**Student:** 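Sharing a structure with you now.
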Amino acid sequence: MSQLRAEDIYPVLRDYVARELLHGEDAGLTADTPLLEWGVIDSLSLAELLAFIEQRFSIQMAEEEVTPEHFQTLGALSELLARLSRAHA
């Protein structure tokens, strides 16, 4: 797997969240939007997002990596995925 950069991951995640979780509305979604606080991500959408991440980026997240801290914002999630891609490169 090639190493991914957070700045390359973020727009893909943002598009997915806007399209699939916010039903086409980006609602001003930024890298710092509090996804959990705003209710953008719940348990069902988290499972869908994890499946998307595995399919799109070929990254399977370990259970201990699926924490509120990592899913707080798209920026935090992008950074985590970039670190994971480097660790598995």
Side-chain angles (χ1 to χ4, degrees):
M1 168 179 36
S2 62
Q3 292 184 20
L4 300 169
R5 299 177 320 151
E7 54 267 23
D8 297 326
I9 296 169
Y10 165 73
V12 176
L13 290 178
R14 184 185 183 286
D15 288 347
Y16 173 82
V17 169
R19 185 180 66 251
E20 298 297 327
L21 305 184
L22 296 174
H23 312 290
E25 300 292 327
D26 75 10
L29 200 58
T30 69
D32 298 321
T33 299
L35 301 174
L36 300 173
E37 185 179 317
W38 286 12
V40 174
I41 295 178
D42 59 21
S43 57
L44 178 60
S45 60
L46 177 61
E48 293 170 351
L49 181 55
L50 289 170
F52 172 76
I53 288 167
E54 186 173 347
Q55 176 192 32
R56 177 63 174 83
F57 299 110
S58 300
I59 296 174
Q60 187 170 18
M61 295 178 65
E63 201 172 305
E64 61 271 7
E65 294 161 337
V66 182
T67 65
E69 169 186 318
H70 291 141
F71 287 84
Q72 195 67 10
T73 66
L74 289 176
L77 182 55
S78 298
E79 290 292 334
L80 171 66
L81 294 176
R83 282 194 310 275
L84 292 174
S85 79
R86 286 190 299 271
H88 295 106

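These numbers come from the heavy atoms of this one structure, side chains and all, not from hydrogens, waters or symmetry mates. Predicted model only: the values in this text are computed from it and were never measured.
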**Student:** Run the numbers on L4 and I59 for side chain to side chain contact (heavy atoms under 4.5 Å, CB included), then give the verdict.
**Tutor:** CA-CA 10 Å; L4 300 169; I59 296 174; 4.0 Å; yes
**Student:** Identify, with sequence neighbours excluded, every residue that meets salt bridge (Lys or Arg N to Asp or Glu O under 4.0 Å) alongside D8.
**Tutor:** R5
**Student:** With sequence neighbours excluded, tell me which residues meet ring-ring contact (aromatic ring centres under 6.0 Å, His included) with Y16.
**Tutor:** F52
**Student:** By side-chain hydrogen bond (donor to acceptor under 3.5 Å, both in side chains), which residues pair with D15, not counting sequence neighbours?
**Tutor:** none
**Student:** Contact between M61 and L81 at the side-chain level, heavy atoms closer than 4.5 Å - yes or no?
**Tutor:** yes
**Student:** More than 12 foreign heavy atoms under 6.0 Å from CD of E7: is that the case here?
**Tutor:** yes
**Student:** Does E64 have more than 12 heavy atoms from other residues, nucleotides or ligands lying within 6.0 Å of its CD?
**Tutor:** yes
**Student:** Side-chain contact, heavy-atom cut-off 4.5 Å: E48 with L21?
**Tutor:** yes
**Student:** T30 and T33: which non-hydrogen atoms are nearest, and at how many Å?
**Tutor:** N-OG1, 2.7 Å
**Student:** Under the side-chain contact (heavy atoms from CB on, under 4.5 Å) rule, collect the residues that match up with A76, sequence neighbours excluded.
**Tutor:** T73
**Student:** List the steps and the verdict of side chain to side chain contact (heavy atoms under 4.5 Å, CB included) for L13 and F57.
**Tutor:** CA-CA 10 Å; L13 290 178; F57 299 110; 4.0 Å; yes
**Student:** Determine, stepwise, if the pair L77 / L35 fulfils side chain to side chain contact (heavy atoms under 4.5 Å, CB included).
**Tutor:** CA-CA 11 Å; L77 182 55; L35 301 174; 5.8 Å; no
**Student:** Sequence neighbours left out, what passes side-chain contact (heavy atoms from CB on, under 4.5 Å) with L36? Give chain and number order.
**Tutor:** I41, P68, Q72
**Student:** Report the residue from E65, E69, H70, E63 that forms a side-chain hydrogen bond (donor to acceptor under 3.5 Å, both in side chains) with T67.
**Tutor:** H70
**Student:** Let me confirm one number: the CZ-CD distance from R19 to E25, rounded to the nearest 0.5 Å.
**Tutor:** 14.0 Å
**Student:** So does L74 get a backbone contact from the side chain of R14, meaning a donor-acceptor N/O pair under 3.5 Å?
**Tutor:** no
**Student:** Measuring from atom CG of L84 to atom CD of Q60, what distance do you get when rounded to the nearest 0.5 angstrom?
**Tutor:** 11.5 Å
**Student:** Show the nearest heavy-atom pair for residues A6 and A82, with the distance to one decimal.
**Tutor:** N-CB, 3.6 Å
**Student:** List for me each residue that meets side-chain contact (heavy atoms from CB on, under 4.5 Å) alongside A31, sequence neighbours excluded, and say none if there are none.
**Tutor:** Y10
